[in-house]
Structures are given as structure tokens and as C-alpha cells.
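Sequence lines set the chain letters: A, B, ... in the order given, protein chains first and strands last, and positions in each chain run from 1.
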2 protein chains.
Amino acid sequence: MVRTIRDIAKSAGVSVSTVSKVINNYPNVSDKTKERVLRVVREEQFVPNSTARGLVKGSTQTLGLFLTTGLTHPYFVQLLAGLEESLKESGYDLIYLAQIDWNPEYSLVRHCRSRNVDGVLIFGFQRNDLNFDEMLQSEIPTMFIDLDLIGSRAGFITSDNVDSMRQAVSYLTGLGHRKIAFVAGYQDSYVGKLRFEGYRQGIQESDLPYSSEYTFFGDFTRDSGYAAMKQFLECSAPPTAVICCSDMSALGVIEAAAEAGLTVPQDLSVIGFDDIEISRYTNPPLTTIRQDFQTIGRQAVLQLDQLIRTPHIAPPTLIIPTELIIRGSCGICRDSE
Amino acid sequence: MVRTIRDIAKSAGVSVSTVSKVINNYPNVSDKTKERVLRVVREEQFVPNSTARGLVKGSTQTLGLFLTTGLTHPYFVQLLAGLEESLKESGYDLIYLAQIDWNPEYSLVRHCRSRNVDGVLIFGFQRNDLNFDEMLQSEIPTMFIDLDLIGSRAGFITSDNVDSMRQAVSYLTGLGHRKIAFVAGYQDSYVGKLRFEGYRQGIQESDLPYSSEYTFFGDFTRDSGYAAMKQFLECSAPPTAVICCSDMSALGVIEAAAEAGLTVPQDLSVIGFDDIEISRYTNPPLTTIRQDFQTIGRQAVLQLDQLIRTPHIAPPTLIIPTELIIRGSCGICRDSE
DNA sequence: TTGTACGCGTTATCAG
DNA sequence: CTGATAACGCGTACAA
């Protein structure tokens, strides 16, 4: 039994517009009628139809979310928790736009418009996965997560990938390491590039020579870590420390090292990335870089909300710090050379 | 520059109703006008406004999703993948109803109605978390995931928790074990109860005595597994096998066993639940029960779609089989007793 | 302070 | 086969 604003008006003995004014907290309503209307609203459990409201206002208190398919990011759940928290604060529901298709005619912008979303969150994509230019040129408020795209109404938020890796290198050099290898992610992914860049900067800042032998481009999996370490062991001067782009690949590195008779952290230091749940419990516990996805999710919505509500604001670009979690997989360099 | 159906009508030199008929594939339109309209639609990149459509049709091609807060289920991502796949097939977008609040006045039903969703998915809740009765009594098509609630328009889908545990017990008795302990989940959770029930059934079917000493009620964490094993070791006749309600707690059991000088699987057999990514790589690799969350997500949407489209259909209740993944953490019982 | 009437973009009915 | 026109439920100038 669905109630409309008209039913409420009748029950309260006022006009529809008065009800509307009460609901939307307009000033020019006498306290007496306001109270009466409010009582009826409560009694009849009236909730305004957001579809109708969306039609007339051209906005729906809804944020659109585009997600890449096959998402396996370990900390996606945290992101969601961050989203949820701020979604509540700012009063939006989230519509997951699942009807993406990958043919070139598909248009994110049209999809958004047809749904009348107030703003859009985009997560998990690479630069050329979809036609993001159209999105950037549109007037639709947009926040990219982990992709550095900017438009007049579009900003982005991401972890500080570069600094993460510089920190990691610096931590290892502080332990005396000078032969530091790097298990990279996809060469052409946004985060992959930045982390590699951070590694190179770190190397440079510590006056260490860069050797391409010490870099392996993998795919974040355990297997790629394993393969990487096998390759590093072939080097004329094998590394004494390895930085990885994911915890899973760090685990692969440790396994390959163990097979070669090397123990961590005595013979080899290893740093991971992500801080997945298991990392606390591995043997040894993994030293790793933790991304603050809860904050990223939270800030993405908060910033988007600002963008939506402020017409000429500069598009937000946020870089969220990471944290090096020091556990047991790194040790002082014993390489006498 | 947003186009409406009126713009299209003007450009094509026909009436709005004709355009509407073409868009919605109505029969009574001549091929010639249909073609002309379609051309204009394509040229002008017209997409009908789903808000307006939703208003008049009373349905929005949208499914609502209620999620519990702080969801950390490792396989939620799989569920999402399953959802996404079938969402695409059946043409819905998913609206994540984040504006839940926990005061008693909050009504799921009203929230749904205000958004005009066609159906609802509910995941991660316990029976008394919210007022689900109202939902069950409403005419809103609903699928509960992992919660066995049924209404005239509401069904559920879940893994076969009972059978999973019976399988596990049966597998262990097949290996000669007769002292089989159980690390349960929350005592009052839906899945927790069923898994415990399955364990008891399995015990009974194998004519083993049930001993409350052999059951520990934990919370799915590694720590609770650790604590459980410590307790089991205090028994006058410690178990030779342990079944756990999560992989993490299985890892805790193994750790506690190792501390007591027991090696797995020689001295103790351990079975987990979930098959998280890491289980393949632990030492020994974990024998565990895998839930098919991809299928659960997929079927949830498919069944809901059926429910929506068929007025008087019986509410679907699906129990999805699990799979015992046999790896290296179980061995033949050596207990000579 | 309150109410009337129109419009948001679409679909459905019914007359032509 | 095509086109007016009335809904759908709400917000808001404007009139009272």
C-alpha cells in the first residue's frame, strides 16, 4: 500500500505543496501545520518517491560506480567499507553500473545521464580501458580511484605509490642493503608504473646503480614472485633484498629463496605490498606496505560530494600516504662484498 | 547537451509516441518510420531517461542490495563477480542501499519503495539484525543470501553447509579417524548453526560419540583456531583430526599443534572452510571446503529475475553444493588406541 | 502563510 | 499505422 504526497496532504488537510515544503524543510510554514503534517507523515510511514523527485530535480542523491570486471583486489572490501561510511554521512545511495559493455559505442556518460546520477566513482580501470575522455569533458562530477585523470569536473585519489617504494628502498639501504631487486606489476598499469618509478627514485637517491637485471615485470601473483626470484638467482651478483608489488608475489619470492637454500631474513630481505590478512602469520611475518583503502574510499565520496555541491571548485587530487609495516622479513645485510 | 524523446521526435518528423514505440520495440510501427527513428536515435546518441521511465512504469530495471557493514568475507569479491555476470545478462543495474540505519524506525521496505527497485538482494545479515518480517510480508521480490528466510515473494540461496560438514567428517572417518573435533563459528549465526549441525550429523552417521569437549565456538579468526586447539590438547583423549569453520582458524589450529610438537598431517589432520587464496600455499597445503560463491551470486540474480517476472511463482530456495578440496593437511589416522 | 497549476521525460490509452 | 493527451509523483513559481 504505497502512499503518495497527495494522500498525506488529504490526511493532513493541507495542500500537496505544503506537504512538500514541510518535507524539504522550507521556511514559510507555520509551526502548527508543519507539526501536523509531520505527524501524518510519521503515522502513514510516508517516504517520498525518489524516482519522481529525481525526475523533477534532475538529481537523485545517487552516486554511480563503475568497476572493472574480475576484480580481485584484496582490499576491495576495505574500500567498500570506506565508501559506505561516507555514503551514509552524505546521504547518497550507490548505484553499481553493471551494464558496461566493451564495444566502442558504449558511453559512460550516456549511462550516467540516463540514470541521473549526481556523481561518479570509477575504480579498477586502466587509462585506455574505456573512453574516459568523454567523461572528462562532460560536466558530470567524477572521482577516479587509482587512476590519475583530471577534467574540469573530475579528480582522482590514489595511494602514494611512488613514495611507498622510496620508503621501502630507504628502509633497506638503512639496513645496509645495496643490491635491491624489484618485482614489478604490469608494466603498463598506472600503479605499476608509479611503483617502478618510486623504486628507481629510491635507488637513485641512495646512489645505487640501477640494473635492469634486478627488475622483473610480473602480474602480482605468487607465481610471478617465484619466477622473479629464480631469475634474480641467476644474476652474477644476486640481490640481498627484494621489494615486491604485492604480498602474494613476496610469498613466491620467499618460496623460491627457500628452495635455493636461502632463509629470510638472514640471507635475503623481502618487502611486500598490500598487507593482506595472512602476512601477519607467515614465517617469517612479512614486512609490507599497507594501503589505506578505507580512507581512500571515504575520501573519494567526501571529495565527490564537495565537487557535486560546489560548482566551480578545483577538481580534487588526493594522494593518500601508505604505511610501512615492519615485521620479520627484513634483516641487516650480511653481504661482505 | 541532453536530448529528450521530444527532440528525437522533432528531428525524425514523427510524434513522441511513435519514438517511444520504436524504442520499446512495439509492433505497430512501419519499417520505414522505425528505421528513420532509429537512425536519428543513433545520430543524436539518445538514451531514454530511466528516471522518467521508472516513474511511469513503477519499475526501474534496478535491483537493491543490502549489505551488512564491515563485511570482511574473503569471497565477497567472487559473489560480486557472480552478480555482475548475471546482472548484465538480465539487464539490471544494482543499487547499493547504503542508507541503512539501525534504529527501529528504519524500514527496508520503505527504502526499497522510495527507490522503486524491482527486487532486492540481502547478504551478510543474521536473522534479527533488521526487521526482515516486514520485508517477507511485502510484495517486493527478495532473495536472501546465506539466510534461510522465506516469504510469499522471498526466497534464499546458500551453500550446503550441513552436507559440507558431513562430507568432511565422512572423509576423515574414511581415513580412520574417530576422534574428530570441531572449531565452530558464532553459535548463533545461521551458517554457524548449520555447520555445527552437519558436524553432529556426520559424527552420528559414523557411530561416533559426540563429546562437547571436542567443540569450540570461535569467531572464524586465526586466533580462535589457535585457542581451540590449545583447549583440545587439554582433553584426556586429544582429537586426531580437527574440522574448522574457516581456513584462517584452521591455520591457527595448525600453529597451536606445531607448538605442541604435533605435525600435520602425520599427527593431526585438519580441514578448513572457504579455500582462501593462501590455502594452496601453506605448509602443508590445506585440505578445505570451497564454497561456490560465484554461482551463488549468479543464481541469486537469476532467481530474483524469475521471481520478478513471474507473479505467482513459488519462492526459490537454492542450496549450492560445496566441494571438498583435498590437499595435504589430512592423513591416515595413526592413533593405535 | 497556504494553495493552484505547471513541468520534469517517459509510457499507455484511445481516437483518428 | 500514427498522433494527441493523460497519467506517474513530486517540486516550485506564482497567485491568493
Task: Heavy-atom side-chain contact between A:Ile100 and A:Leu130 under 4.5 Å - done: yes
- [ ] Grab the CD-C1' distance between A:Glu35 and C:dT1 for me, whole Å please.
- [x] 17 Å
Task: Atom-pair distance (CZ on A:Arg115; C1' on C:dT10), nearest Å - done: 14 Å
Task: B:Ser107 side chain to B:Arg113 side chain, donor-acceptor N/O pair below 3.5 angstrom - done: no
Task: Closest-nucleotide ordering on DNA chain C, the 5'-leading residue of B:Val19 and A:Val14 - done: A:Val14
Task: Nucleotide C:dT10, atom P - distance to CZ of B:Arg3 in whole Å - done: 12 Å
- [ ] Using the closest heavy atom to pick a nucleotide of DNA chain D for each, name whichever of B:Asp31 or B:Ala52 lands nearer the 5' end.
- [x] B:Asp31
- [ ] Could you check B:Val47 against A:Lys34 and say which one's nearest nucleotide on DNA chain C is further toward the 5' end?
- [x] A:Lys34
TODO: Could you tell me whether B:Asp101 atom CG has more than 12 heavy atoms of other residues or ligands within 6.0 Å of it?
DONE: yes
- [ ] For C:dT2, take OP1 and OP2 only and decide whether either is under 4.0 Å from a side-chain N or O of A:Ser30.
- [x] yes
- [ ] Could you label the plane-to-plane angle of the A:Phe76 and A:Phe123 rings as parallel, tilted or perpendicular, counting under 30° as parallel and over 60° as perpendicular?
- [x] parallel
Task: Under 4.0 angstrom between A:Thr33 side-chain N/O and C:dT2 OP1 or OP2 - done: yes
Task: Between C1' of C:dG9 and CG of A:Leu55, the distance in whole Å - done: 6 Å
Task: Nearest-angstrom distance from the residue atom CG of B:Asn116 to P of C:dG9 - done: 18 Å
- [ ] Would you mind reading off the distance between A:Arg6 atom CZ and C:dA5 atom P, rounded to a whole angstrom?
- [x] 13 Å
Open item on the list: Contact between B:Arg127 and B:Phe132 at the side-chain level, heavy atoms closer than 4.5 Å - yes or no?
Closed with: yes
Between the protein and nucleotides 13-16 of chain C, list the N/O to N/O atom pairs that are separated by less than 3.5 angstrom.
none

Open item on the list: Just to be sure I understand the rule, does A:Asn28 reach a base, reach only the sugar-phosphate, or reach nothing, if contact means heavy atoms closer than 4.0 Å?
Closed with: base
Task: Protein-nucleotide distance (B:Ile23, atom CD1; C:dG9, atom P), rounded to Å - done: 14 Å
Task: Covered region of DNA chain D, 5' end to 3' end, by chain A [heavy atoms, under 4.0 Å] - done: D:dG9 to D:dT12
- [ ] Report which part of the nucleic acid A:Ser20 touches: base, sugar-phosphate, or nothing (heavy-atom distance under 4.0 Å, all strands).
- [x] base
